[in-house]
There are 2 protein chains.
Amino acid sequence: MTEPARKPSRIQVENRKRILEAALELFSKHGFRGTTLDQIASACGMHKPNLIYYYESKEAIHVDLLNTLMTEWLSPLNALDPDGDPMEEMLRYIRRKMEMSRLYPRESRLFANEIVQGAPRMLPHLEATLKPLFDQQCGIVNTWMHAGKLATMHPAHLIFSIWAVTQHYADFDAQISVLLPGDDKRARGAEQFVEEMFRKLLSP
Amino acid sequence: MTEPARKPSRIQVENRKRILEAALELFSKHGFRGTTLDQIASACGMHKPNLIYYYESKEAIHVDLLNTLMTEWLSPLNALDPDGDPMEEMLRYIRRKMEMSRLYPRESRLFANEIVQGAPRMLPHLEATLKPLFDQQCGIVNTWMHAGKLATMHPAHLIFSIWAVTQHYADFDAQISVLLPGDDKRARGAEQFVEEMFRKLLSP
DNA sequence: CAGGTTTTTTACCAATTGGTAAAGTTACGA
DNA sequence: TCGTAACTTTACCAATTGGTAAAAAACCTG
């Protein structure tokens, strides 16, 4: 048995959304400890006790944010179609991950911050949500490899390498900006490179 | 003209080393804001004001740590030998990066924490130290490619992908442990995978 | 529009935190 | 071994921070 949990009012829905948007901006930029309730409050035009009215603690905001975004974040992996063309499915996944890195760098950095520090507030969710999906999709990739449609390799490490390369462009943007400055076609170049890289790697 | 800057005493050398070791452990695990001077002090058996005796502020500890470690961290890139065999040089670099990820995950996560948050205390050092080295080594790689010794691709993105994949094993270890649990040969498998991946990618 | 409920605001608090002042102790060269 | 400089410790502080209490305001429903 949990809470009575009445349906949330319109105001509740709106304000929780405002809070999460401000929290995403700040947590992704400064990490959990580097963000204060006052910052979140002023970023969304509220007062600190008002945040606590909607979330019982700063940690509750962070956890809700992580868990809410994780589902969307993983949806492209979910979308691997076992009946599609293996190479096209993998490249579509990789392209989508690059696009998400470009469009949603805050989400990427939010997770990066959390996981680099040992995922203290997300481990249960990783076990419960990510692990089963990961195992299942590794299975699909493995099937494709054994059918000779993709080069044979360890599917888990393959997925790690896709995550690593694609999310690197969001997570390490500060460094990349220094090393490839003033390149307004950087994103395009990155996307071309990554697609060609994995096309070559995955060719049987 | 800067400080008089007398040669540091034996005690100074020892104690700064103790402080940096404790700071590395804590900053890499909890980030800059997530680490307190009291934690650092008790981790190295000192008292808080003693830290301030050796470093003028918490930030000074962090900056010194980052700048000190960066040189070692980059040394493998520095070691690319323009006269060596291109494929062997690249694979040696990649192997060394994997080894460092395994042996020095704290250093990797220290930098990851800093860069994910926009490198607020490291940007000048990136400009001054990393950028010139990076450009130079990109040049070497480019030469190798144009000599037909390596597959042709954007050298900067190639190096990014090497960093991404190798450091991922240190930075995202919390996630990898969940997804490939109980695998005491994980590191070996990762090293094999990554070497084969880049061997295939780099073959002309 | 009355009355209760939800939401917002003001005032506040205790704990933590980065850092200081200054007294006390140790190390070391003359 | 003595004096001074280097180092350590204790006591302290002001600012920040996560969070609370409770009054005030806004909102909704019969």
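The figures that follow rest on heavy atoms only: side chains count, while hydrogens, waters and symmetry mates do not. Quick note on labels: first sequence line is chain A, next is B, and so on, each numbered from 1. Values in this document were obtained by computation on a predicted structure and should not be read as measured data.
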Scan Y55(A) against the nucleic acid and name what it touches under 4.0 Å (heavy atoms): base, sugar-phosphate only, or nothing.
-> nothing
Charged N-O contact under 4.0 Å between K17(B) and E14(B) | no
Rounded to whole Å, CG of L51(B) lies from C1' of dC7(D) at a distance of 13 Å
In whole angstroms, the gap separating P of dT10(C) from NE2 of H47(A) amounts to 6 Å
*asked:* Keeping R33(A) on the side-chain end and T35(B) on the backbone end, is there a donor-acceptor pair under 3.5 Å?
replied: no
request  = For the pair E191(A) (side chain) and E99(A) (backbone), establish whether a donor and an acceptor sit closer than 3.5 Å, ignoring hydrogens and angles.
outcome  = no
Counting primed atoms, P, OP1 and OP2 as sugar-phosphate and everything else as base, the B/S/- map of nucleotides 18-27 of chain C against protein heavy atoms under 4.0 Å is BBBB------
Residue-phosphate contact under 4.0 Å: [X] side-chain N/O, [N] OP1/OP2:
X	N	answer
Q12(A)	dT7(C)	yes
Y54(B)	dT8(D)	yes
N50(A)	dT10(C)	no

With a 3.5 Å cut-off and no angle check, do the side chains of Y169(B) and H157(A) form a donor-acceptor pair?
-> yes
Checklist entry - Looking at W163(B) versus F134(B), is the centre-to-centre ring distance below 6.0 Å? => result yes
Taken to the nearest 0.5 Å, the spacing of E107(A) CD from S28(A) OG works out to 8.0 Å
